[in-house]
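It should be emphasised that the depicted structure is a prediction, and the values quoted were computed from it without experimental measurement.
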Amino acid sequence: KIKLDYGPLYHGKRQDPAMKKWRENRFGQFIHWGLYSIPGGVWEGKTYGYAAEFLKASAGISTERWNGLKDEFNPTEFNGKEWASMAKAMGAKYVCLTTKHHEGFCLWPSKYTEFDIENTPYQKDLMKEFVDAYSEAGIDVYLYYSVLDWYHPDWRTKLKTMDDVEAFERFKTFTQNQLVELLERYPQVKGLWFDGTWDQCWKDNGKFSYELEVLLKEKRPGLIVNSRLRADDFGKRHRDSNGDLMGDFESGYERRLPDPRDTSVTKNDWECCMTIPENQWGYHKDWTLTHQKNTNELLEMLAQCSSQGGNFLLNFGPNGKGVFRAEEKRIAREIGEWMKTNSAAIYGSDYAGLKKQDWGYFTKNTKSGEVYMIVFNVPISYQLRVELPKHQTISKANMVGIGQELQLEKFDSNETFVLLPPKSYTSPFVIRLELKANKKSQ
Ligand SMILES: COc1ccc([C@H]2[C@H](O)[C@H](O)[C@H](C)N2C)cc1
């Protein structure tokens, strides 16, 4: 092991109540909302297909012109309670909102910059309405914060000169001040989701990122931070120079999932953040440019994450007025419909320790011990293979929802077929297994 002064604060999975709640949540709503939500990927009549939150770069817009968008930010149709009730109906147990994306515009009235909500026609503390509404709906609130800040004069991608070093020292102070300010203004907040920490400037400041994690966790005991906050003594990110995770959960799964058979990911807590289009985090006017994931595709990702002990954070991008697009509202409703019947297989679930099969995913409820099969691919044979450890056997298998008991066919080996009634299955479904000790092996 390489000796590190600025590696992880601890090893293994946190078992405190705050982290256990994070783990039980399993399903969250990501929201990207900022000045980029106003143009929505279109500039001077031209549509740019790249991620809408990068329009400044993809359309070559001057900093002055881009920053001028703050004078147009007036989300008169924003209604925190409506947003929270859509998320509640979808079945999201937590939410993560961009307080400041790479553009540097702050959705809260910050003492440390004038590039914030206070200096827009809207003026009001939108973040307070947001945090209060979601908290009252029983949804845990997390805040996304981009260290990378295109607006701030002291931002430096890399530190080449002494001027750069001095500027970046001021930038580090600014960053720390803003983060403390967020925790003080919004006491309900459960955690921080850091982004924009891939540049050399941050890799050269592992000590600062370590001390920042310590400071923020002292300010807010139980605070949860993602792996993107940290760099170690040698500039390694997410995992330190010994391969150990820094932060409380691995958040490198951005628009991608681990291999479904990879059981190594179960060693740490982790989260996959996902867009509905191929690559749009901020609102984009034209979603027809790329594939839009449908509800069953998204449900399968949610099921896979749970089956491998990870969380699924699904992104929504409201427009400049604070309105979600029709596709997002429909998908939220459809996911919520499915969760009404099947959420027992998701909330409080974890890796079941059973061999992955082609028909779908196993999850295990950590409290009840009940094992679930979430089925996406019904085999032509209508036989769902289950391989159990020698000492276990299935005593019952029931469809969740309708409750129907399913026939079992047991093999001499440790395999069992759960037999499906031969009919058409047009929506993913869940089977609850009751397992018991296997007498034969005693
Ligand atoms: C250059 O590649 C990037 C940089 C930043 C991102 C940002 C997205 O804007 C979004 O906020 C995502 C969570 N983050 C990694 C994505 C890809």
Side-chain angles (χ1 to χ4, degrees), residues 1-2 4 6-16 19-28 191 193-195 197-198 213 224-274 298-314 345-366 369 371-374 376-377 385-392 414-415 433 435:
K1 282 254 181 186
I2 301 164
L4 296 169
Y6 310 116
L9 301 193
Y10 66 91
H11 289 88
K13 292 183 180 179
R14 274 173 51 174
Q15 294 305 333
D16 57 291
M19 198 69 210
K20 283 187 171 173
K21 178 63 167 63
W22 178 93
R23 203 170 290 137
E24 286 164 17
N25 285 348
R26 283 294 177 238
F27 181 37
W193 206 103
F194 289 90
D195 199 8
T197 56
W198 48 79
E213 181 178 2
I224 294 169
V225 302
N226 65 338
S227 60
R228 291 170 185 262
L229 166 62
R230 296 292 321 285
D232 78 353
D233 312 46
F234 303 100
K236 296 285 285 177
R237 293 177 53 244
H238 292 277
R239 290 182 178 274
D240 69 16
S241 304
N242 295 309
D244 293 323
L245 184 70
M246 295 184 282
D248 301 306
F249 63 93
E250 154 69 84
S251 77
Y253 291 103
E254 185 240 328
R255 290 179 298 121
R256 65 185 175 91
L257 283 153
D259 179 287
R261 285 171 170 70
D262 177 359
T263 56
S264 70
V265 297
T266 63
K267 287 193 184 62
N268 290 107
D269 285 306
W270 58 278
E271 175 195 77
C272 163
C273 57
M274 188 56 70
L298 295 167
L299 285 172
E300 180 158 8
M301 294 179 175
L302 171 61
Q304 181 185 334
C305 288
S306 295
S307 77
Q308 292 178 273
N311 284 6
F312 187 59
L313 187 64
L314 180 60
I346 302 292
Y347 300 145
S349 73
D350 208 325
Y351 171 54
L354 298 175
K355 181 168 176 283
K356 169 89 175 65
Q357 305 288 344
D358 290 341
W359 46 257
Y361 308 88
F362 287 107
T363 65
K364 179 175 189 174
N365 187 293
T366 43
V371 174
Y372 297 95
M373 300 164 67
I374 311 175
F376 287 87
N377 315 303
R385 185 185 301 276
V386 180
E387 291 179 48
L388 290 169
K390 280 259 175 289
H391 65 283
Q392 273 193 328
N414 61 342
E415 285 182 340
L433 295 181
L435 305 178

Which pair of heavy atoms, one from W270 and one from Q308, lies closest together, and at what distance? NE1-O, 2.9 Å
Return yes if a side-chain donor-acceptor contact under 3.5 Å exists between D248 and Y10, otherwise no. yes
Check N377 against G360 and note the closest heavy-atom contact, atom names and distance. ND2-N, 4.4 Å
Testing the 3.5 Å rule here: is there a donor-acceptor pair between the side chains of T366 and D350? no
Assess whether a salt bridge exists between D16 and R23, defined as any Lys/Arg side-chain N lying under 4.0 Å from an Asp/Glu carboxylate O. no
So how far is it from L245 CG to D269 CG, rounded to the nearest 0.5 Å? 8.5 Å
Within a strict 4.5 Å, meaning less than it, do heavy atoms of the Q304 and F312 side chains meet? no
E415 versus R385: any side-chain heavy-atom pair under 4.5 Å? yes
Derivation and outcome, side chain to side chain contact (heavy atoms under 4.5 Å, CB included), residues F27 and L314: CA-CA 8 Å; F27 181 37; L314 180 60; 4.1 Å; yes
Using modelled atom types and a 3.5 Å cut-off, is there a donor and acceptor pairing between side-chain atoms of N226 and backbone atoms of F249? no
Return the minimal non-hydrogen interatomic distance between R26 and G310, and the atom names on each side. CD-O, 3.2 Å
What distance separates Q392 CD from L435 CG, expressed to the nearest 0.5 Å? 5.0 Å
To the nearest 0.5 Å, what is the distance between CG on D232 and CG on N242? 8.0 Å
Residue pair L299, F376: steps toward the side chain to side chain contact (heavy atoms under 4.5 Å, CB included) verdict: CA-CA 9 Å; L299 285 172; F376 287 87; 4.2 Å; yes
Looking at Y361, I'd like to know if the NZ or CZ of K356 sits under 6.0 Å from its six-membered ring centre while staying within 45 degrees of the ring's axis. yes
With side chains defined as the heavy atoms from C-beta onward, is the minimum distance between M246 and Y6 less than 4.5 Å? no
Where I346 and S306 come nearest, the two heavy atoms and their spacing: CG2-OG, 3.7 Å
Heavy-atom side-chain contact between F234 and L4 under 4.5 Å: yes
Might you point out which heavy atoms bring R228 and T197 nearest each other, and give the distance in Å? O-OG1, 2.6 Å
Decide side chain to side chain contact (heavy atoms under 4.5 Å, CB included) for Q357 and F362; before the verdict, give the C-alpha distance in whole Å, the side-chain angles of both, and the deciding distance to 0.1 Å. CA-CA 8 Å; Q357 305 288 344; F362 287 107; 4.0 Å; yes
The test is salt bridge (charged side-chain N to carboxylate O under 4.0 Å, His left out); show your working for D358 and R261 and say whether it passes. CA-CA 10 Å; D358 290 341; R261 285 171 170 70; 2.9 Å; yes
So do P389 and L354 actually touch side chain to side chain, heavy atoms under 4.5 Å? yes
Do the non-hydrogen side-chain atoms of S349 and N365 ever get within less than 4.5 Å of each other? no
Once rounded to the nearest 0.5 Å, what's the spacing between atom CD of E254 and atom CE of M274? 9.0 Å
Are W22 and R14 close enough that some pair of their side-chain heavy atoms sits under 4.5 Å apart? no
Y253 side chain reached by C305 side chain, heavy atoms, under 4.5 Å: no
Roughly how far apart are T363 OG1 and L302 CG, rounded to 0.5 Å? 10.0 Å
Shortest non-hydrogen separation from G7 to D233 and the atoms involved: N-OD1, 4.0 Å
Given K236, K1, R239, the one that forms side chain to side chain donor-acceptor pair (under 3.5 Å) with D244: K1
What's the spacing between S227 OG and E250 CD if we round to 0.5 Å? 4.5 Å
